[in-house]
Amino acid sequence: MSSLTEKNRPIVQLLLNTGTCPRCILRFCCVGSQMLYRHPHKDLMKDLQEFLKNSQEEEDTVCLDVADPPCKRIRLEHRAEGAEDLNHNGAVPQLPSAGHGNAARESSAGDVCNVCLGILQDFCEADFVKKVCQKVNSADYQFTSFVFSVSLPPQLSVRERAAWLGVKQQMRNLGLPLPKDDIVQLKEAYKWIIHPQLSEELGVSADGKSLFEVSVVFAHPETDEECRFLATACPDCFKPAKNKQSVFTRMAVIKALEKIKEEDFLKHFPCPPRSPKNLCDALEIQCNNGAVFVAGRYNKYSRNLPQTPWIIDGERKLESSVEELISEHLMAEFKADSFNFSSSGREDVDVRTLGNGRPFAIELVNPRRIHFTTEEMKMLQQAINDSSDKIQVRDLQLVTRSAIGRMKEGEEEKTKTYSALIWTDKAIQREDIAFLDDIKELKLDQKTPLRVLHRRPLAVRCRLIHTMKSEYIDEHHFRLHLKTQAGTYIKEFVHGDFGRTKPNIGSLLNRTADILELDVESVDVDWPPTLAD
Amino acid sequence: AGAAGPGGAERYFTRWYKPGTAGGRAGPGRRRGPDSLCALLADVKGRPCEDFCVLQHSNICVITLAEAHPLLQSGKTIKNINYQISANCSRLQNKVSGKSKRGAQFLTELAPLCRISSSDGEEYTIYSCIRGRLIEVNENILSNPALLQEKPSTEGYIAVVLPKFEESKSITQGLLTQKEYEEVLLKRRGSAS
């Protein structure tokens, strides 16, 4: 094995004999060649044994009459017993007898690695890859790349530390320089091996930025308790968090391992780590697609339709809602788990939205289908419009996450125009309302309307009515068109809300006024982009 | 369930009534007993009753004078409205913050909101009628007392009270519906003749 040098020999020797798998050994020797890790397990094992045999033979020829270096004198003892035989300097590594060609025990080929608990063994094999790909294919997702995320049991970090301390100890005992600390990370090596195999099976490449995530959670219940000693040694690293099953999270364990002193560690944990009886379990293989965003503008023609479902005490008060009428079709086409609806402001149940409509954006969570052509989106829009006369949508298109920010901006900053049908108690003539047309930038002080006061804080809002245009109907009715600042309560401007909106139409006309009908004529936001028909 | 037909802001509110007690008018020093919480009560001949009307919309309650209240009868002029109901407590100092209206003065049904004196020397105490947090008192009637008499059901309101969400249904149990109140009024007229 050309990547390994003389420097690595004692490490390879030690690890091989204490139950560490070939790939973990390569990691501990800082071997960076990805290709090497992909070699079959058996081949790697053979190569390592060859490597040890060769160097041993060289040594034998060279130093026959020199006292054996310490590593050759120490007899092999059963690993389990050796592990329990701790002294305060750390365990003395147990090695096989120095006979020729007996560099490693045969049995370690079949045993579960004491460092990776099998992750770099069985879980790199074709069988597991097939299992993962089966799950992915059966989940029926549309994707062009994937990211494979792996969750490892925290005790792996502990075992790795223990094995590494054993290596350092061995080097010290041999009077050799301490090796560099930057061993190859387990997760990284794992991905080197498994990504190409997954890519081949799935037909797409791995990409860290991919929105399609395949995740696997590994667990090793047999060794779950191994982290426990860290809690006594570094209690402040392990704060019980709500909603977390175990306090021993990977992050907490890693933090504690950084803090704990070598001597303390060796007091509590066997070095080298014991060989486990079982492999890890692959608990869950899950697939998840990143959210997709669809935007558009909606018109509302019903005076009996809430924007979001109106449910009190489990009872639906009004049938359907704007949100449901639009997202029903999208959920079905995109095959998403759920949706989040947002819009640039909203209107009451009894208010229509006319003109170009109100901008909205829907986040579709974990969609199975993500690719839609402009044509397909047009057809989707038509399907929504055919399904209901209460709402209509336009400019339906795929957008990015920034859509949500645009909604908020539209709600808070952009002007709206309205048309209100107003009733007055005392008679009016044309002259009585004409002056309204001349009022520009009328400043209102609006206390939180009584009708929303139960769920909003009490405050006074200053809002501007930019322009007004009146249309006389008869002695008790007229229509008023207004252009207002975002966040203005129109109904309250008309009836005055018990005098809590000042001025109001009643106070301006010196009468009691009420609003009979309200329509939104326009929401002055130029987003999403208008689509050509 | 508001009134049908055009009206004003009050159209969306349900009207509940708390008629005055048989025990006569409340004046300074006269405490009302627990009986006043119950609904239908007989009247004492010739003494006008201090009735209140609570306008309810969802959770919010607006406390107003009912039309039969002495202060709203012709000939009465309001001299003074005082929100200072005791040495330590002024309703004008009520401050609320946040959605849950923290810091609000808590009111029981019998808590006084304000005292109103008329030019003929009479004084009337306006009671909360509702258990809950005081959201605001109407300061417009301080600067313009006539508002109280001209528009008692809208701009001349007394206060806004927010009951606890759990209690929002039970608060109206101690009050009369519009129909029940009209029967009380009929009975009064009957016994007056």
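In what follows, every heavy atom counts, from backbone to side chain, and hydrogens, waters and symmetry copies are set aside. Numbers restart at 1 for each chain; the letters A, B, ... are given by sequence-line order, proteins then strands.
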Can you check whether B/Ile171 reaches B/Gln56 side chain to side chain, under 4.5 Å on heavy atoms?
-> yes
Heavy-atom distance under 4.5 Å to chain A: side chain of B/Ser97, backbone, both or neither?
-> neither
Parallel, tilted or perpendicular, as decided by the 30° and 60° cut-offs, for the rings of A/Tyr298 and A/Phe360 | tilted
Aromatic plane relationship, A/His476 with A/Trp423 - under 30° parallel, 30 to 60° tilted, over 60° perpendicular = parallel
So which part of A/Arg456 gets closer than 4.5 Å to some heavy atom of chain B, the side chain, the backbone, both or neither?
-> backbone
Between B/Glu136, B/Glu139, B/Glu155, which is the residue that forms a salt bridge (Lys or Arg N to Asp or Glu O under 4.0 Å) with A/Arg500?
-> B/Glu136
Between B/Leu147, B/Asn140, B/Leu162, which has the largest tally of heavy atom pairs under 4.5 Å with chain A?
-> B/Asn140
